[in-house]
2 protein chains.
Amino acid sequence: MVVDQVPRELSDDEIDRIFGALADATRRDILRQSLLREQSVSELGRNYAMSFAAVQKHVAVLERALLVTKERRGREQIVHSNPAAIRRAARLLDAYEELWRDRIARIGDILSEATHPGNDQKDTAP
Amino acid sequence: MVVDQVPRELSDDEIDRIFGALADATRRDILRQSLLREQSVSELGRNYAMSFAAVQKHVAVLERALLVTKERRGREQIVHSNPAAIRRAARLLDAYEELWRDRIARIGDILSEATHPGNDQKDTAP
DNA sequence: CTAACATACAACCAAATGGTTGTAGATCAG
DNA sequence: CTGATCTACAACCATTTGGTTGTATGTTAG
């Protein structure tokens with residue numbers, strides 16, 4: 001299998017590129033379009049009120065973030081979406097939430113200790 | 001209850017701000033720090049090799065994205081994280097994955113129709 | 001072969017970004 | 001009160017970003 005050339009750890013720069021790429025409505029729409037159906041760059045471009053070169057640049061930004069790849073087919077360049085990268089970004093945000101939940105749990109522990117000054121081990125009473 | 005002034009729909013601009021805010025390692029770290037523990041701006045600033053004003057700006061970017069809020073406490077400004085906003089961003093990415101899954105399902109349907117030419121209902125080609 | 005099409009890429013521009021320094025107003029400690 | 005601390009904000013600068021136009025090159029249709 002030639003599968004799974006997926007980086008397990010993302011560098012700061014890679015994360016910068018991912019979120020940077022997602023921080024533009026046109027690019028999010030291009031990503032959305034190519035998730036729905038793989039299309040050539042010019043085909044994608046017809047949806048937007050801007051020059052073809054501008055669309056090319058947007059696709060390049062998505063590509064640098066590894067959110068899409070391009071594959072040459074004859075004279076056109078087909079844009080493939082990369083759902084794995086999108087999933088990775090979502091999981092990244094989940095990790096932040098995780099921190100929050102840990103903190104809440106910690107606070108909970110402290111409170112339950114504080115309100116039971118003379119208890120044994122864990123024994124969190126109702 | 002004064003709770004739930006949470007916008008149900010996010011505008012393009014709001015999403016721009018959220019992902020834009022996340023597209024910088026320093027800001028991600030500030031967010032992370034304030035998820036772990038609520039701290040004043042200057043306290044947060046001591047972690048980074050840049051001026052206090054720069055840190056102030058980063059916090060302002062996170063604030064415009066609604067990822068954090070500030071609360072005045074005496075002479076200092078305490079940075080609170082907003083886990084709900086982070087969750088919303090994660091769900092936003094989930095929605096893209098959803099599109100992908102729908103597409104795969106559609107392709108699956110087409111294939112299963114194609115490979116069962118003599119099924120019930122529409123009873124296509126012999 | 002020729003014309004139309006899809007792309008690549010360079011040069012340019014305005015605006016946004018990420019940083020700096022400097023100044024000034026509140027607030028707290030002693 | 002005085003001085004140290006925390007914050008706000010303006011002005012400035014270099015770089016990046018998002019867009020343009022223009023030119024060149026490869027590819028397909030007729």
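Values in this document were obtained by computation on a predicted structure and should not be read as measured data. By convention in this document, chain letters (A, B, ...) are assigned in the order of the sequence lines, proteins followed by strands, and residues within each chain are numbered from 1.
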Would you mind reading off the distance between B:D24 atom CG and C:dT17 atom C1', rounded to a whole angstrom?
10 Å

Looking for any heavy atom pair under 4.0 Å, which part of the strands does A:R46 touch: base, sugar-phosphate only, or nothing?
sugar-phosphate

Run the salt-bridge test on A:D94 and B:R91 with the 4.0 Å N-O cut-off and return the result as yes or no.
yes

Is the phosphate of D:dT7 approached by B:Q77 (side-chain N or O, under 4.0 Å from OP1 or OP2)?
no

Taking atom P of C:dT21 as reference, at what distance in whole Å does atom CE of B:M50 sit?
13 Å

Please tell me if A:Q56 has a side-chain N or O lying less than 4.0 Å from either OP1 or OP2 of C:dA8.
yes

Mind calculating the distance between CZ (B:F52) and C1' (C:dT23) to the nearest angstrom?
14 Å

So, B:E63 side chain and B:T69 main chain: donor-acceptor pair closer than 3.5 Å or not?
no

For residues B:L67 and B:I18, report the shortest heavy-atom separation together with the two atoms involved.
CD1-O, 4.1 Å

Tell me, yes or no, whether the heavy-atom count around A:R32 atom CZ, taken from other residues, nucleotides or ligands under 6.0 Å, exceeds 12.
no

On a heavy-atom basis, which atom in A:V68 and which in A:S81 lie closest, and how many Å separate them?
CG1-CA, 4.1 Å

Please check if B:I104 and A:I78 belong to a single hydrophobic cluster, counting links between Ile, Leu, Val, Met, Phe, Trp and Tyr side chain heavy atoms closer than 4.5 Å.
no

Regarding B:R17, tell me which of base, sugar-phosphate or nothing describes its non-hydrogen contacts under 4.0 Å with the strands shown.
nothing

Please confirm whether the shortest side-chain N or O distance from B:K70 to OP1 or OP2 of D:dC6 is below 4.0 Å.
no

Give a yes or no answer on whether the side chain of A:R28 reaches the backbone of B:D12 with a donor-acceptor pair at less than 3.5 Å.
yes

Residues two or more places apart in sequence or in another chain: which of them pass side-chain contact (heavy atoms from CB on, under 4.5 Å) with A:A53?
A:S51, A:Q56

Would you kindly give the CZ-to-P distance between A:F19 and C:dG18, to the nearest whole Å?
15 Å

Scan nucleotides 24-30 of chain C against the protein and return all N/O pairs shorter than 3.5 Å with their distances rounded to 0.1 Å.
none

For DNA chain D, whose closest nucleotide is more 5', that of A:A49 or that of B:I78?
B:I78

Separation of atom CD in A:E63 from atom C1' in C:dA8, rounded to whole Å
12 Å

What is the minimum heavy-atom distance between B:Y48 and B:I30, and which atoms define it?
OH-N, 3.4 Å

I need the CZ-C1' distance between A:R27 and D:dG18, as an integer number of Å.
8 Å

If each end axis of the helix from C:dC1-D:dG30 to C:dG30-D:dC1 is fitted on five C1' pair positions, the angle between them, to 10 degrees, is 30°

Are B:R101 and B:E98 within salt-bridge range, i.e. N to O under 4.0 Å?
yes

Stretch residues 31-45 of chain A: residues that reach within less than 4.0 Å of DNA chain D through a heavy atom
none

What is the distance from CG of B:D16 to C1' of D:dT17, rounded to the nearest Å?
13 Å

Between A:S51 and D:dG19, does any side-chain N or O lie under 4.0 Å from OP1 or OP2?
no

Residues B:L66 and B:N82: closest non-hydrogen pair is O-ND2, 2.9 Å

Step by step, would you call A:V79 with A:E43 a side chain to side chain contact (heavy atoms under 4.5 Å, CB included)?
CA-CA 10 Å; A:V79 178; A:E43 200 170 359; over 6 Å; no

B:L22 has an atom CG; how far is it from atom P of C:dT17, in whole Å?
14 Å

Minimum-distance pair of heavy atoms, taken over all atoms of B:S34 and A:R103
O-NH1, 3.3 Å

Table of protein N/O atoms under 3.5 Å from nucleotides 10-15 of chain D N/O atoms:
none

Heavy-atom pair with the smallest gap, counting every atom of B:L93 and A:I86
O-CG2, 3.8 Å

The side-chain contact (heavy atoms from CB on, under 4.5 Å) partners of B:V61 (sequence neighbours excluded) come to B:A21, B:R27

